[in-house]
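Throughout, protein chains are lettered first and strands after them, A, B, ... in sequence-line order, and every chain is numbered starting at 1.
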Amino acid sequence: MNWQSDSNGIRTTFAPILEQWYALHKRDLPWRHTVDPYRIWLSEIILQQTRVAQGKPYYERFVEAYPTVVDMAQADERELLRLWQGLGYYSRARNLHQTARYVTDKLAGKFPDTYHDLLKMKGIGTYTAAAIASFAFGERVPVVDGNVYRVLARVFGITEDITTTAAKKTFASLAMQLIQSANDPATYNQAIMEFGAIHCTPVAPDCLLCPVQQQCAAFLTGRQHLLPVKSKKAPVRERFFNYFIFRHNGRLALRERTTRDIWQNLYDFHLQETDEPKTALRDIPLADLVGQIIQEGVLVAPPVESVQLLSHQRIRAKFYLIDVPDALANSLPIDLQWYLPTEISKLPKPVLITNYLDQQFG
DNA sequence: AACACGGGGGC
DNA sequence: GCCCCAGTGTT
């Protein structure tokens, strides 16, 4: 369908219809009671790739811990990551801290107030810049997120593959046209995303009660379940993590992950990754130092196994708990350090590690 | 343009 | 168990 010919008027009535729908159906969420750009920014970063139900308690805790951008700028990054623990995509937390410090130090604590300037901040891309610019400052710039792709693809019958650059331009251009007819850009942006999230859902959209049912290209041809078109599906990589948990005098040895891999700046145990599952300890290649500790140490129990599913990796983990003899307690590999349980609880850790600790020592 | 980056929910 | 969801930065 050619949405540029707007014979039935949907292109100009779309935004007001959704604004009206939003007034009746919007959820009461904490970040909808503020126009403080700091809090809107915080909520938007948390909600990237994250469902409202999962993000909401994190937002509450962050606002409590850091009421202003200056508070966040002064925070210890480890503490911030600890608050972020469990949300995933930890670069969001690192970028959050970096931008908080930038706004505090270089912009005197005043958040950028235009789409253009917001885009310059680390962790703020086109979506988040549009969200903050419209919600906090009323700028007439459209948000284009996954919800928007879905709603527009269906209503306007766009069959382009949304993963392509060309399609992104198509959607951005249409979105820019549609927001021109909005009574209030902020309300319209909230409305179209809320509509996608709770009404025009990926599976089983509620077409029978849809306010644009008779203008929806997908509904009128019975193809709503086929849109939007998305080509790329990430294959899941299989990984095998052999963890060695060294224990001595009630302390455990952990290290900060610094390699360019998942969970950067989070803490885990000594890790030997193998490219296939190893059933026997002797089959795992070990550095001399570690080999000696394991040889002379005491394997406390059979290894504990668990699986951590990420969107793009399946990690099969095996945890070997080793009691280290006194003589070797000071000969750990350089990156490992001893931590008491109370210290460990304050360190940011991947869910895989938290689950193991809870299960083994909780 | 392709890829990497966590975790959770529905059925 | 297998499917779904999704912005930004880097290469």
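Here salt bridge (charged side-chain N to carboxylate O under 4.0 Å, His left out) pairs that include residues 35-52 of chain A, with residues two or more places apart or in two chains, are Asp36(A)-Arg39(A).
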| task | For ring pair (Phe, Tyr, Trp, His ring centres under 6.0 Å), just list the numbers for Phe14(A) and Phe156(A), CA-CA rounded to whole Å, side-chain angles, deciding distance to a tenth of an Å, and then say yes or no. | result | CA-CA 11 Å; Phe14(A) 181 76; Phe156(A) 295 88; 5.7 Å; yes
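Listed by chain and number, the hydrophobic cluster partners of Leu309(A) are Val307(A), where partners are ILVMFWY side chains within reach of under 4.5 Å, directly or through others. Counting side-chain heavy-atom gaps under 4.5 Å among Ile, Leu, Val, Met, Phe, Trp and Tyr, Leu24(A) is found in no cluster with other residues. Grouping Ile, Leu, Val, Met, Phe, Trp and Tyr residues whose side-chain heavy atoms lie under 4.5 Å apart, directly or via other members, places Trp338(A) in a hydrophobic cluster with Phe244(A), Phe246(A), Leu281(A), Ile284(A), Leu286(A), Val290(A), Ile293(A), Ile294(A), Leu299(A), Tyr320(A), Ile322(A), Val324(A), Leu328(A), Leu332(A), Leu336(A).
The stretch residues 253-271 of chain A touches DNA chain B through Asp261(A), Ile262(A), Trp263(A), each having a heavy atom within less than 4.0 Å of the strand. Within residues 136-147 of chain A, the residues approaching DNA chain C are Asp145(A), Gly146(A), Asn147(A), by heavy-atom distance under 4.0 Å. Scanning residues 43-50 of chain A for heavy-atom distances under 4.0 Å to DNA chain B yields Gln49(A), Thr50(A). Within residues 193-208 of chain A, the residues that have a heavy atom under 4.0 Å from DNA chain C are, in order of number, Pro202(A).
In this structure, of dA6(C), dG7(C), dG9(C), it is dG9(C) that holds the atom nearest to the side chain of Asn95(A). Side-chain atoms of Arg237(A) lie closest to dC5(B) of the nucleotides dA6(C), dC5(B), dT8(C).
Taking atom C1' in both dA6(C) and dC3(B), one finds a spacing of 15 Å when rounded to whole Å. Going from the P atom of dG6(B) to that of dT11(C) covers 15 Å, rounded to whole Å.
A stem is defined here as three or more consecutive Watson-Crick or G-U pairs, each with both distances under 3.5 Å; for DNA chain B these stems are B:1-5 with C:7-11, B:7-11 with C:1-5.
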Distances under 3.5 Å between protein N/O atoms and the N/O atoms of nucleotides 8-11 of chain B, please, pair by pair.
{"unit_1": "dG8(B)", "atom_1": "N2", "unit_2": "Arg51(A)", "atom_2": "NH1", "d": "3.2"}

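No donor-acceptor pair under 3.5 Å is formed between the side chain of Lys230(A) and the backbone N or O of Pro228(A).
In this structure, CG on Asp358(A) lies 6.5 Å from OG1 on Thr354(A), to the nearest 0.5 angstrom. A distance of 8.0 Å separates CG of Asn189(A) from OH of Tyr127(A), quoted to the nearest 0.5 Å.
Applying the side-chain hydrogen bond (donor to acceptor under 3.5 Å, both in side chains) criterion to Ser331(A), with sequence neighbours excluded, gives no partner residue. With sequence neighbours excluded, the residues that form a side-chain contact (heavy atoms from CB on, under 4.5 Å) with His116(A) are Thr114(A), Lys120(A).
Between the side chains of Thr12(A) and Ser181(A), no donor-acceptor pair of N or O atoms lies under 3.5 Å.
Relative to the six-membered ring of Tyr89(A), Arg92(A) misses at least one condition, a distance below 6.0 Å or an angle of at most 45° to the axis.
Distance CD (Gln313(A)) to P (dC3(B)): 15 Å, rounded to an integer number of Å.
Checked for salt-bridge contact, Glu238(A) and Arg316(A) meet the test: a charged N lies under 4.0 Å from a carboxylate O.
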